[in-house]
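Contents: one structure, followed by commentary.
All heavy atoms count here, side chains included; hydrogens, waters and symmetry mates do not. All ligand and atom numbering here is 1-based and tracks the order in the structure.
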Amino acid sequence: MLKSPYHGGHLEVIVGPMFSGKSEELIRRLNRAVIARQRVAVFKPAIDDRYHLTHVASHGGRVTPATAVISTAQVRALLSGQGELLHSEPSLPDVVAFDEAQFFDAGLVPLALELADLGVRVILAGLDLDFRGEPFGVIPELLSRAESVEKLTAICVVCGAPATRTQRLISGQPARRGDPVVMVGAAESYEARCRVHHVLGE
Ligand code: ADP
C-alpha cells in the first residue's frame with residue numbers, strides 16, 4: 001500500500017494560531033496511519049501539560065497517546081531503543097509526530113531531517129507565530145524544509161474573520177511585547193484573533 005504521495009520519508013508541517021485545529025489535524029492524520037497498521041510515535045514537550053502528560057489533546061476533546069519529553073536528545077534516546085516508548089521495537093516507527101513543535105530545542109530540525117532521510121514520515125504541528133506575531137522558534141526552518149505545509153486559521157473571537165494570530169491576555173489585558181514568551185504563574189489566557197484585532201499592550 002502506498003503510505004503517502006511521497007516515496008519514502010518526508011516532513012509534513014501543520015501550523016496556525018491557537019484554536020486553529022492543529023491538534024485535531026495531527027490526530028486525524030495519526031488515526032489514519034494507525035488504521036493503515038503503521039507504527040506511530042508521538043512526542044510533545046513536557047512543559048505542555050494542558051490536559052494529559054501522556055496524550056496530545058485537542059480543544060475539541062480528541063486525544064491520542066503521546067510521550068512527553070524534555071529535549072530532542074531524549075527523543076533520540078527513545079527512538080534508538082533506550083526506553084519503554086517502542087516496547088522494545090528494534091526498528092524506527094513508520095510515522096514520528098511532534099506536537100507543540102515550537103517549544104522543542106534547535107535539535108528538532110536535524111532530527112526531523114535524519115528521520116525523513118531514513119524513510120520516516122515526520123509530522124510536526126505547532127504555532128508559526130508567538131503572541132507578539134513573530135516567527136516562533138524552530139518553526140520557520142521546518143516550514144522551509146518541509147515537503148508539505150498546511151497553514152490553518154482559527155476564528156477571530158472579536159469579529160469572526162479567519163484568525164492567524166494568538167492574542168495573549170494577562171489578567172484580561174493584552175500582553176506587552178517585552179513580556180516573556182513563557183510566564184510561569186501568571187493569570188494568562190489566549191484567544192484567536194485576526195491581524196486587525198491582534199494587539200500588544202503599551
Ligand atoms: P490547536 O491545536 O490549533 O490549538 P485544537 O485542535 O486543539 O487547535 O482545537 C480546535 C478546536 O477548538 C476547534 O475545532 C473548535 O472546536 C475549538 N475552538 C475554540 N475556540 C475557537 C476559535 N476561536 N476558532 C476556532 N476554533 C475554536
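- Using a 4.0 angstrom heavy-atom cutoff, Ser20 counts as in contact with ligand 1.
- Using a cutoff of 4.0 Å between basic side-chain nitrogens and carboxylate oxygens, Arg165 and Glu191 are not scored as salt-bridged.
- Within the 6.0 Å centre-distance limit, the rings of Phe98 and Phe104 are counted as a close aromatic pair.
- Closest to atom 12 (O) of ligand 1 by heavy atom, among Glu191, Arg62, Glu25, His59, is His59.
- Classification of Arg176 and Glu202 as a salt-bridged pair fails, no side-chain N sitting under 4.0 Å from a carboxylate O.
- Annotation: Ile155 places an N or O atom under 3.5 Å from an N or O atom of ligand 1; distance criterion only.
- Of the N or O atoms in Val157, none lie within a sub-3.5 Å distance of an N or O in ligand 1.
- A salt bridge links Lys151 with Asp128: the closest approach of a Lys/Arg side-chain nitrogen to an acidic carboxylate oxygen falls below 4.0 angstrom.
- Using a 4.0 Å cut-off between charged side-chain N and carboxylate O, Arg28 and Glu25 make a salt bridge.
- For ligand 1, none of its N or O atoms has an N or O atom of Ala192 under 3.5 Å away.
- Checked by distance only, ligand 1 and Ser58 stay at 3.5 Å or farther apart across all their nitrogen or oxygen atoms.
- The aromatic rings of Phe103 and Phe136 stand perpendicular to each other, their planes meeting at an angle above 60°, with 30° marking the opposite boundary.
- Salt bridge absent: Lys22 and Glu100 never bring a charged side-chain N and a carboxylate O closer than 4.0 Å.
- Each of the following atoms of ligand 1 lies closer than 4.0 Å to a heavy atom of Pro17: 3 (O).
- The Met18 neighbourhood of ligand 1 comprises atoms 4 (O), with distances under 4.0 Å to a heavy atom of that residue.
- Residue nearest to atom 6 (O) of ligand 1, selected from Glu24, Arg193, Glu100: Glu24 (by heavy-atom distance).
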